[in-house]
Amino acid sequence: MTRVQVQLGERSYSIDIGDGSLSSAGGVLTSLGAGHRCAVVTDANVGPLYAGVVTGSLEGAGFAVETVTVPAGERSKSVEQLARLWNAFVALDLDRDSTVVALGGGVVGDLAGFAAATYMRGIRCVQIPTTMLACVDSSVGGKTAIDLDAGKNLVGAFHQPAAVLIDPATLRTLPKRQLAAGLAEVIKYGVIMDAPFFERLERDIEALLALKSDVTVEAIGRCCELKARVTSADERESGLRAILNYGHTVGHALEAASGYEGLLHGEAVALGMLAAGRVAEALGMTGPDVTSRQEALLARAGLPTSLPMPHRDAGGVLDVMRHDKKSRGGKITMVLAVRIGEVKVVRDVKPELAAKALETLRGG
Ligand SMILES: NC(=O)c1ccc[n+]([C@@H]2O[C@H](COP(=O)([O-])OP(=O)(O)OC[C@H]3O[C@@H](n4cnc5c(N)ncnc54)[C@H](O)[C@@H]3O)[C@@H](O)[C@H]2O)c1
Ligand SMILES: [Zn+2]
């Protein structure tokens with residue numbers, strides 16, 4: 001088992017990564033001194049595959065466990081599902097010593113994490129992520145949220161997990177497209193802060209796609225370490241944490257312009273990274289080699305490197321960026337790579353420049 005320690009004073013926690021580690025859930029809760037009762041929150045895809053192993057381990061360690069299942073998909077990050085979880089926790093007699101175990105992708109992690117953050121003013125949450133995105137991104141860092149009709153993640157809380165348990169073997173049942181989408185975030189970490197890791201990915205990306213055990217554990221561990229380092233230094237997102245948004249300014253705009261349909265988040269981020277590369281080139285910050293290395297690696301990971309959407313949607317991207325709440329004086333903030341392994345936050349990029357960069361990604 002590989003362990004990554006997240007240093008946050010009293011709220012420090014560990015991330016354990018290893019094939020078969022689902023069955024150590026009971027041991028993890030015991031070592032936390034968790035109270036008798038716990039609720040495993042999962043979704044309709046993940047529950048039938050993995051909830052049995054997790055609840056079996058918890059029961060074996062003496063815990064009273066109930067499973068609450070939400071429908072799979074982003075729509076479950078809703079006020080309705082949140083209220084359903086709160087009411088289920090009451091019905092299960094969860095108290096301040098109880099634990100919510102979030103078993104699933106980022107949707108379950110964000111929803112169950114927010115339910116735990118708010119139930120009785122906050123109870124313990126243990127994250128057991130089962131998508132690549134959740135393993136390397138959403139389960140670490142303490143952000144939890146639900147969506148409103150008006151937008152994604154509009155209501156949420158910072159609530160650090162008490163522990164994170166990652167079993168990379170669960171990724172074998174993940175649809176390949178979802179796996180690739182998660183790898184966009186993995187590649188992102190290399191670009192923003194770790195050139196040697198990026199080089200290892202250049203060597204091993206096929207092994208990672210095939211979920212070769214040692215390569216997968218190492219890559220997930222490295223991403224968790226990097227995210228932990230950034231989020232410990234900037235828990236509430238005032239500065240440094242912004243570099244994690246590499247590829248996300250244009251990525252989010254692409255997602256919004258396509259109505260969150262067609263492109264997965266990681267696919268939009270991959271295109272956003274390449275657009276950022278072209279912007280950095282246009283501003284004279286880098287040469288084209290920095291972008292082309294990212295392009296080659298993203299393509300090998302099975303991610304799109306040219307714009308698959310119709311022209312009018314690409315026009316919509318510019319509108320979204322212009323009306324971004326975070327834009328200042330009509331300019332947007334972008335994270336741009338100076339070289340592989342180092343980025344700068346640039347606050348006065350014209351949205352037109354980003355849109356033009358995106359246009360260069362249009363397939364022939
Ligand atoms: N809190 C954060 O810091 C943070 C960061 C990034 C993203 N997010 C959030 O994460 C969410 C996206 O997460 P996601 O990409 O994991 O999506 P997801 O949770 O919807 O999972 C994707 C799909 O894979 C299925 N699935 C999950 N694990 C599986 C497995 N092992 N085998 C088979 N199927 C499996 C799910 O049921 C779902 O259908 C978004 O809501 C986003 O806002 C949060
Ligand atoms: Zn992301």
Side-chain angles (χ1 to χ4, degrees), residues 22 41-51 53-54 69-78 81 102-114 116-117 125 127-148 151-161 164 166-189 192 211 216 223-224 227-228 230-231 235-237 241-252 254-256 260 263-273 303 335:
L22 280 188
V41 178
T42 189
D43 76 19
N45 292 334
V46 178
L49 293 167
Y50 304 114
V53 182
V54 173
T69 305
V70 302
E74 182 72 27
R75 278 171 178 275
S76 280
K77 279 174 61 173
S78 65
Q81 291 301 328
L103 172 68
V107 165
V108 165
D110 275 11
L111 171 70
F114 187 51
C125 181
Q127 294 280 350
I128 307 186
T130 64
T131 63
M132 184 57 93
L133 178 119
C135 290
V136 301
D137 192 355
S138 58
S139 67
V140 179
K143 286 212 266 178
T144 70
I146 59 164
D147 304 332
L148 299 180
K152 281 188 56 167
N153 299 322
L154 283 182
V155 181
F158 285 97
H159 186 60
Q160 297 296 340
V164 180
I166 300 178
D167 184 345
T170 61
L171 301 176
R172 297 199 185 118
T173 53
L174 190 64
K176 286 294 168 210
R177 191 174 163 204
Q178 292 283 353
L179 176 64
L183 291 180
E185 307 279 359
V186 173
I187 293 168
K188 176 193 81 177
Y189 287 108
I192 63 175
L211 294 171
T216 309
C223 293
C224 288
K227 179 148 189 197
V230 173
T231 52
E235 193 183 356
R236 289 184 172 252
E237 200 161 40
R241 201 164 170 154
I243 67 171
L244 297 172
N245 287 334
Y246 182 65
H248 283 60
T249 305
V250 172
H252 281 149
L254 268 171
E255 285 184 282
Y260 297 94
L263 278 178
L264 295 177
H265 173 72
E267 294 171 342
V269 168
L271 292 164
M273 288 167 65
L303 286 154
V335 182

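Just so you know, ligand 1 is whichever comes first in the structure, and atom 1 is the first atom listed for that ligand.
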Proximal atoms of ligand 1 relative to [X] (non-hydrogen, under 4.0 Å):
X      : result
Lys77  : 9 (C), 40 (C), 41 (O), 42 (C), 43 (O)
Lys152 : 43 (O)
Tyr50  : 31 (N)
Asp110 : 1 (N), 2 (C), 8 (N), 9 (C), 43 (O), 44 (C)

Any idea which protein heavy atom is nearest [atom], and the distance to it?
atom                    : result
atom 4 (C) of ligand 1  : Ser138 CB, 3.2 Å
atom 23 (C) of ligand 1 : Gln178 NE2, 3.8 Å
atom 14 (P) of ligand 1 : Gly106 N, 3.5 Å
atom 38 (C) of ligand 1 : Asn45 ND2, 4.0 Å
atom 34 (N) of ligand 1 : Pro175 CD, 4.0 Å
atom 21 (O) of ligand 1 : Thr131 CG2, 3.6 Å

Rounded to the nearest 0.5 Å, how far apart are [atom1] of [X] and [atom2] of [Y]?
X      : Y      : atom1 : atom2 : result
Asp137 : Glu185 : CG    : CD    : 4.5 Å
His252 : His265 : NE2   : NE2   : 5.0 Å
Lys227 : Ser139 : NZ    : OG    : 8.0 Å
Ile187 : Leu303 : CD1   : CG    : 6.0 Å
Arg172 : Leu49  : CZ    : CG    : 13.5 Å

Within reach of ligand 1, part of [X] (heavy-atom separation under 4.0 Å):
X      : value
Leu264 : neither
Lys143 : both
Thr130 : both
Glu74  : side chain
Lys227 : side chain
Asn153 : side chain
Val46  : side chain

Taking the side chain from Glu267 and the backbone from Leu264, do they hold a donor-acceptor pair closer than 3.5 Å?
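Yes; judged by distance alone, with no hydrogens or angles, the pair exists.
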
Gln178 (side chain) donor-acceptor with Thr131 (main chain) under 3.5 angstrom
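Pair absent, no side-chain N/O of Gln178 close to backbone of Thr131.
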
Minimum distance, heavy atoms only, to [atom]: which one of [options] is it?
atom                    : options                        : result
atom 37 (O) of ligand 1 : Leu49, Thr173, Val108, Asp43   : Asp43
atom 31 (N) of ligand 1 : Val136, Leu174, Thr170         : Thr170
atom 7 (C) of ligand 1  : Leu179, Thr144, Asp167, Leu133 : Leu133

Test of proximity, [X] against ligand 1: N or O pairs below 3.5 Å:
X      : answer
Asp137 : no
Ala134 : no
Val107 : yes

Report the residue from Ile128, Thr173, Thr42, Asn45 that forms a side-chain contact (heavy atoms from CB on, under 4.5 Å) with Tyr50.
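Option passing the side-chain contact (heavy atoms from CB on, under 4.5 Å) with Tyr50: Thr173.
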
In Thr170, Leu171, Leu174, the residue satisfying side-chain contact (heavy atoms from CB on, under 4.5 Å) with Thr130 is Thr170

Give the total of protein N/O/S atoms at a distance below 2.8 Å from the Zn ion (ligand 2).
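Every protein N, O or S atom under 2.8 Å from the Zn ion (ligand 2) counted, the figure is 3.
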
Less than 4.5 Å apart, any side-chain heavy atom of [X] and any of [Y]?
X      : Y      : value
Val269 : Glu255 : no
Val164 : Cys224 : no
Ile146 : Asp110 : no

With Val107, which residues qualify under side-chain contact (heavy atoms from CB on, under 4.5 Å), at least two apart?
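With neighbours one apart ignored, the set is Glu74, Ser76, Lys77.
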
Tyr246 meets the side chain to side chain donor-acceptor pair (under 3.5 Å) criterion, sequence neighbours left out, with Gln294

With sequence neighbours excluded, what pairs up with Asp43 under the side chain to side chain donor-acceptor pair (under 3.5 Å) test?
none

Test side-chain contact (heavy atoms from CB on, under 4.5 Å) on Leu103 and Val108; report intermediate values, then the result.
CA-CA 7 Å; Leu103 172 68; Val108 165; 5.5 Å; no

Stepwise side-chain contact (heavy atoms from CB on, under 4.5 Å) check, Asp147 with Leu154
CA-CA 6 Å; Asp147 304 332; Leu154 283 182; over 6 Å; no

